[in-house]
Amino acid sequence: MLQKLNRLRGTSRDRVTRLNKAAEFYERPATPEESEIILNQKLQNVLGLKAQMKKLLADYLDLPDSTNLEESLDVIYNMEAKIEDLQVKFKILITKYCKAPNADNVPMTDHKPKLKIPNLPLPEFTGKYEKYESFKTQFMSIIGNNESSNDNQKCCYLKASLKGDAKFIESTQDTFQSLLSALDASYQNNRAVIGTLIKNVLSFGKANDSPRQQRNLVDIIKRNLRALENLKLSRYNLSDALLVHILEGKIDSESQKLYQRENKSIEILSLDCFLNFIEDRARILEGISKNCTTTVNSNSNKQFVKPKQNFQVQNH
């Protein structure tokens, strides 16, 4: 099963590479109509690939705990990020090359501009602070910067994109710019985003001696710390010491003992050192689990022969 998933992963990675080259070296054809057909087809391929990656990730996570998934999951997370970038790239290309013709080229009999919105699924925003900037970038690429739609149309599209808590945002006026400004005021909030990212780090539950849970702990810490660093928040000795102290309490007692035993220095231990220990610990636990499984399977294949019992009847 693992080999099959790895082959699918390799095929998907090749498709990502080809689509990325198609986006970077796109040559505009003779007419906007041809561009629209070509780029929409490429975008549909990206969306299909995105759905395929979600299924592939779910299939990997369904494998037994003894399976070493560290490298596979890193590759998949990296590919998911590249697919998100590809989706934005093709939407930008569609906006750039599939606009309505200039007014100078429109016959005099055409008095009303034609609405030229690409036939694409609208990006959705559910009210998560850390997702707002990505949503806004995609929406502005498809709708907000499209000169062929008027303010009322843009406002309607924006309202249709809002889900969950975000759809209850009220603006001072019923216009596109007013609603966008209200969203910016509510969600373009570094303080709230930082709070959410820190909460993601601190709210992780207890990680027992399961290799998968320990890998998830490392993945969540690294992912959210990268996002915090992108917001210009740098790590330093005090933050590392605080995080190590907090995270040490989230691992099982045996791992805590091993960590203290392997790090006898009186100096403050870095967060990187702690995370490296957890990754090594997960690999060791995977190896132990795999060996135990092999031993159990081997013993189960042996026939159990019940020893014969001799009964002697005593004469009274």
Taking [atom1] in [X] as the centre, count heavy atoms belonging to other residues, nucleotides or ligands within less than 6.0 Å. Is the count above 12?
| X | atom1 | answer |
| --- | --- | --- |
| K82 | NZ | no |
| N276 | CG | yes |
| K232 | NZ | no |
| E71 | CD | no |
| N237 | CG | no |

Quiz item: Can you list the residues that meet the ring pair (Phe, Tyr, Trp, His ring centres under 6.0 Å) rule with F135, with sequence neighbours excluded?
Solution: F125, F139
Self-check item: Minimum heavy-atom distance P64-R212, with the two atoms named
Solution: O-NH2, 3.5 Å
Mark yes or no for whether [X], through its side chain, and [Y], through its backbone, hold a donor-acceptor pair below 3.5 Å.
| X | Y | result |
| --- | --- | --- |
| D240 | S270 | no |
| S178 | D174 | no |
| S149 | K154 | no |
| Q256 | I251 | yes |

Counting only pairs under 3.5 Å, give me each side-chain donor-acceptor contact of residues 126-134, with atom names and distances, residues two or more places apart or in other chains.
unit_1, atom_1, unit_2, atom_2, d
Y132, OH, D184, N, 3.4
Y132, OH, D184, OD1, 2.5
E133, OE2, Q188, NE2, 2.9

Note, [X] side chain near [Y] side chain (heavy atom, < 4.5 Å):
| X | Y | answer |
| --- | --- | --- |
| V16 | M53 | no |
| L122 | I143 | yes |
| L271 | L225 | yes |
| L61 | L57 | yes |
| L197 | L233 | no |
| F274 | V218 | no |

Quiz item: Going by atom types alone, do N45 and Q41 pair a side-chain donor with an acceptor below 3.5 Å?
Solution: yes
Quiz item: Measuring from N78:CG to I83:CD1, what's the distance to the nearest 0.5 Å?
Solution: 10.0 Å
Below 4.0 angstrom, N of the basic side chain to O of the carboxylate: do [X] and [Y] qualify?
| X | Y | answer |
| --- | --- | --- |
| R18 | D14 | no |
| K54 | E80 | no |
| K222 | E279 | yes |
| D85 | K89 | no |

Exercise. Apply salt bridge (charged side-chain N to carboxylate O under 4.0 Å, His left out) to D252 and list each qualifying residue two or more places apart in sequence or on a separate chain.
Key: none
Quiz item: Yes or no on salt bridge (Lys or Arg N to Asp or Glu O under 4.0 Å) for R283 and D280, after CA distance, side-chain angles and deciding distance?
Solution: CA-CA 5 Å; R283 281 192 288 268; D280 291 341; 2.2 Å; yes
